[in-house]
Amino acid sequence: MGSSCQAVLRRASLMSATFVSPSTMSNALLVTPPVPHNRREPLQRKTRRNWSGWGFLAPFMVFFLFSLVAPVIYAIYLSLFQDKLIGGNSFVGLANYITGLEDPNFHAAFFRVTVFFVVQVPIMLALSTIAALAIDSARLYFSALFRIALFLPYAVPSVVAALMWGFMYGTNFGLVGNINSFFNIKIPDPLSGNYVLAAMGNISTWEFVGYNMLILYSALRTVPKDLYEAAEIDGAGNFQIIRAIKLPAMRSAFVVALLFSVIGSFQLFNEPNVLKTLAPNSISTNFTPNMYAYNLSFAGQQFNYAAAIAIIMGIVTMLIAYAVQVIGMRRENR
Amino acid sequence: MSGADRSIVPTERRPRSAEPSRARTVSRARARRGTRRPRKSLMLTAVMWLMLIYTLVPLAWLVINSTKTQAAFLSTFGLWFSGDFALWDNIKQTFTYDGGVFGRWLLNTLLYVVVGAGGATVLATLAGYGLARFVFPGKRAVLAIILGAIAIPGTALAVPTFLMFSALGLTNGPLAVILPSLISPFGLYLIWTYATEAIPAELLEAARVDGAGEFRIFRSIALRLLMPGFVTVLLFSLVATWNNYFLPLIMLSDPRWFPLTVGLNQWSAQAVTAGGHPIYNLLVTGSLLTIVPIVIVFLLLQRYWQSGLIAGGVKE
Amino acid sequence: MIANPRMNRRGFAGAAIALGGAAALALTGCGSSVVNGGGSGAPSGNPQIDIDAALAKDTTLTFWAWGPQYKDVVAAFEKAYPNVKVNLVNNGSNNAEYIKLQNVVKAGSGIPDVAQIEYTALPQFEFGKSLLDLSKYGVSSMAAKYSPTIWSQVNINGGIYGLPQDGGPVAMFYRKDVFDKYGLTVPTTWDEYFAAAQKLHAADPSKFIASDAGDPSFTEASIWQAGGKPFTVSGTNITVNLADKGSTQWASMWSKLLEGGLIDTKTAAWSPDWNAGLGNGKYATWLSGAWAAGTLQNRIPQASGNWRVAQLPQYAVGDNAAGVQGGSSSAVMQASTNKLAAIGFVQWISTNQGANQIWVDEAGFPAASQTLSSDAWVNKPVPYFGNQNINKVFADTLKGVPSGWQFLPYEIYADSVFNDTAGQAWANKSAIAPGLIAWQKVIVSYGNQQGFTVK
């Protein structure tokens, strides 16, 4: 559920951007019920106050509680114990959390995904913004082609994407090797210690630039044409239009895209996991917090500690996501 | 049943009736834009072409290398064809390797996708509608719980989920993959926001006054209005479940139940082992075959968005 | 029987069995269960009869294994015992399979009847009590059917936890064409090996004497050859000393090669690049377990005729020492509901002559002593290796394996963190000894944290 949940999360955010104003979407994320924008509706718009709403919600909630809430509760429960190879299970309270917060391996992993987030996300979102603006500007030949083609990598399962790029990064017979021998240069090995994070950043960018582009582009499409007409009448130049009309229109969608990129960066797992077999010394077992939790569980059989790490990461992610939203919304209301 | 329906004449089939005038505005603006700005920018196109090449190169790599035999794969230039065209042979081998397990994986994936994505969409639609159009006790709590549960990294939930499911004897079968994929939290949000905007309360009130039951109302009125949202969530759930990887990886230990993504991972891991038999050409071809259906769905989806953008209308 | 066994090893094997018997007596508290005992609960006192009876009944067994030879061996078994159906499931290789196995054991469902488990991981599963002790079923009497070295690897704490299927005494595979081209002589000592490495790399900087990106099983096998015994396990007391004489000797020797840039540390083993390197002569040697002969024949057919096998270089002229790298046994899981049939299956695939023939024909390395000493196998010329009698080299190598080696009861975890710690020495092309110490630290802290007493 985890990574597919992430995926659905991203996809649905796109949908919301298409059908709903981005500010409504962001409001929804702040756990406020959306306000319909149909001005013909009176303010008091809800209907019966009874239990029949539950009838519709119940099937979803049943599966939700079973597949998502129960494991979380179980994870919290697990994190309070320690099951040793010798000595068995024992209650340790918050000891796992304290160990986790002091664990240098965890710090290193956390630092790494933070660096990843700080570098990769702005680059990717900048590219998406440029692409969205370019396609919206109607100054491109074949703009539909760009829209479709840029979005294609999203259809590729991340496992396949990592495998493909892994092959291409090969310095012997991979594409990098081919380029090296053809141009007689020496591109550094993308999978070596210094560059491997950038190599993964490249894969993530490749996967999601089209997706983010489409979120931003959909927001751009909601700008009423009269605004453009008014701007032209006022004699505004291209860049002024972009700055005054388009960028503000994209702001909410941008916050949404940023939000999901943040969450995705902190949960980075598929790419390092797949590439580890090709670069065992560059990618450690604690390369990202998720990988750390995974290896703790499976190689080390330390399920309890892994659960504690996961909960810590969950809380941190929630806090950062909330912060991003608040900052984003504040900017919008300025 | 139908009598009650006929008595309700929806004042508008579409959420916004602004479409005709909007279309006029658009075409007028376009015409005006066209006369004012005839130039398409070559420079911009060039920049975008770079991005396009960046996007398509790995996919081209995949297609080209599916046509190579394993020996050619390891020795020829990555971005051009080798002498032999082995695509059909590779495809045949992919489907017959190891007793035809790839075909089995394909069928598994179809099963997971149809039941999982279909079920997820239905559940999300019902729930979204419920959240949008009813006021009931505990609603805010529900929202908080849903949001909270999403933020916890899925990778770490995998093990508790696995332990839970095995206690119930659910691992190692299709249910292990399908049950978790029935939850689509943002499908829920989407339908919820869409229902809020697209279904006028008066319509529902009128139906209720006429004595129609809630579920009947949902089925005959609301569902039709929600249809664009429904189809969208369906299509995206399809893609998500098709690409589902991590949880099935943990849950399943019987390769006969693997979806394509996990199966490909096994073929890849197989190459990296002492006794293993590397099958790079099958891995590449298998990856291509995994992507093709989804790309087709995407291309179909494109057309849907186009109409969705125009018809769905929206927002200030 | 192996020709000319060393006195001390036969003595050791005998002592091990006697010790095992005594230990089993103490553990089970039951007088006759060791050799002829009827631990199966059936009325007959001889478990072998019960096993044979079980094989005649309709049963289905699930067998997790990844080796390519198993498919045909299993098919042959099913022909011999038509009532028993075996589901051969490939759940990944070594660590990938072990992780899944641990998961299903912990979950309590989905456990196979039989699993392919390498000797390195056997202690871990034995410690977790998830394997069936075969000695209770009269299997100890099968000791004579296997090479003593290999038999000692399934003998843990006095019980027998798997039947050996293959072995991995380490030998040196080398490229005759590369050696000829650069005028290198086949090294018999490590000093000569180092000299050859220098000469090769100086003549052609794109070539290396070997590829090694840091691998725990190779490291352990190398320390083993040098006579090191870094892990001492007795009950829950573990001593870890990766700086003992053997470890230091190997570490300083191998570090010279690393620091001199004579080894390719950038290419991950088993990757396409690595494959290509073995095929095109980029790597002049490959130091690996005997099963590598099968790997070369399967994976690198294009280099047929260019590879040869020789004894591993030694520390002193005239020595004959080698470690063991890899090699698998077939273990019966404690949770199996078809124990007797499973034991019969495992016995058959590891000792039946027909099964052994299939195994060897498909380039597997045999563990059964009848094959290891058979003239047909030892003196069989192998075309891939230029018609060299490679098996003779392996047979000789097997005799030189130092005894007393132990693996950790959490070897899987230790191996998983090797690259994080010791592996950095390879990444930085620096001295290995500090890397080993770093690895040791993690091993010790994990062990203590898990409740062992580790120093």
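Per chain, numbering begins at 1; letters A, B, ... match sequence-line order.
Note: B:Leu188 CG to A:Met61 CE = 9.0 Å, rounded to the nearest 0.5 Å. Distance check, rounded to the nearest 0.5 Å: CZ of B:Phe246 to CG of A:Asn270 gives 8.0 Å. Note that CG of A:Leu150 and CG of B:Leu52 are 6.0 Å apart. Values are rounded to the nearest 0.5 Å. Here OG of A:Ser67 is found 9.0 Å from CG of B:Leu247. Values are rounded to the nearest 0.5 Å. B:Thr55 contributes atom OG1, which lies 12.0 Å from atom CD of A:Glu207 (distance to the nearest 0.5 angstrom).
Interface residue B:Val284: only side-chain heavy atoms are found under 4.5 Å from chain A. For B:Leu238, no part lies under 4.5 angstrom from a heavy atom of chain A. Proximity to chain A is limited to the side chain of B:Leu170, based on heavy atoms less than 4.5 angstrom apart. Using a 4.5 Å cut-off between heavy atoms, A:Phe303 contacts chain B through its side chain alone, with no backbone atom that close. Neither the backbone nor the side chain of B:Leu260 comes within contact range of chain A, judged by heavy atoms closer than 4.5 Å.
Counting heavy-atom pairs closer than 4.5 Å to chain B, the top residue among A:Val274, A:Leu78, A:Ile179, A:Leu127 is A:Leu127. Of the listed residues (B:Val47, B:Ile291, B:Asn265), the one with the most heavy-atom contacts under 4.5 Å to chain A is B:Ile291. Most heavy-atom pairs under 4.5 Å with chain B, from the set A:Val316, A:Val159, A:Thr205, A:Leu145: that is A:Val159. Here B:Leu123 is the residue among B:Asn65, B:Leu123, B:Val122 with the most heavy-atom pairs under 4.5 Å with chain A. Of the listed residues B:Val57, B:Leu59, B:Val262, B:Thr261, the one with more heavy-atom pairs under 4.5 angstrom with chain A than any other is B:Leu59. No other option in A:Ala58, A:Ser297, A:Ala134 has as many heavy-atom pairs under 4.5 Å with chain B as A:Ala134.
Residues A:Trp165 and B:Pro58 come closest through the heavy atom pair CZ2-CG, 3.4 Å. Taking each heavy atom of A:Phe60 and B:Ala127 in turn, the nearest pair found is CB-CB, 3.5 Å. Closest approach of B:Ile250 and A:Tyr294 over heavy atoms only: CD1-CE1, 3.8 Å. The nearest pair of heavy atoms linking A:Phe64 to B:Ile183 is N-CD1, 3.2 Å. A:Tyr74 approaches B:Met164 most closely through the heavy-atom pair CE2-N, 4.4 Å. In terms of heavy atoms, A:Ala75 sits closest to B:Pro160 at CB-CG, 3.6 Å.
A donor-acceptor contact under 3.5 angstrom links the side chains of A:Asn202 and B:Tyr54, judged on distance only.
For B:Asn243 (side chain) and A:Ser158 (main-chain N/O), no donor-acceptor pair under 3.5 Å exists by modelled atom type. Remark: the backbone N or O of A:Met164 is not paired with any side-chain donor or acceptor of B:Trp61 at under 3.5 angstrom.
Atom OH of B:Tyr112 is surrounded by more than 12 heavy atoms from other residues, nucleotides or ligands within 6.0 Å.
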*Evaluation steps, ring-ring contact (aromatic ring centres under 6.0 Å, His included), between A:Phe66 and B:Phe165*: CA-CA 10 Å; A:Phe66 178 71; B:Phe165 273 52; 5.4 Å; yes
_Assess the residue pair B:Leu283 and A:Phe167 against the criterion (side-chain contact (heavy atoms from CB on, under 4.5 Å)); give the C-alpha distance rounded to whole Å, side-chain angles, the decisive distance to 0.1 Å, and a yes or no._
CA-CA 11 Å; B:Leu283 187 57; A:Phe167 279 143; 4.0 Å; yes
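Using cut-offs of 30° and 60° for the angle between ring planes, the B:Trp49 and A:Phe146 rings count as perpendicular.
The closest side-chain heavy-atom distance from A:Leu152 to B:Val295 is below 4.5 Å.
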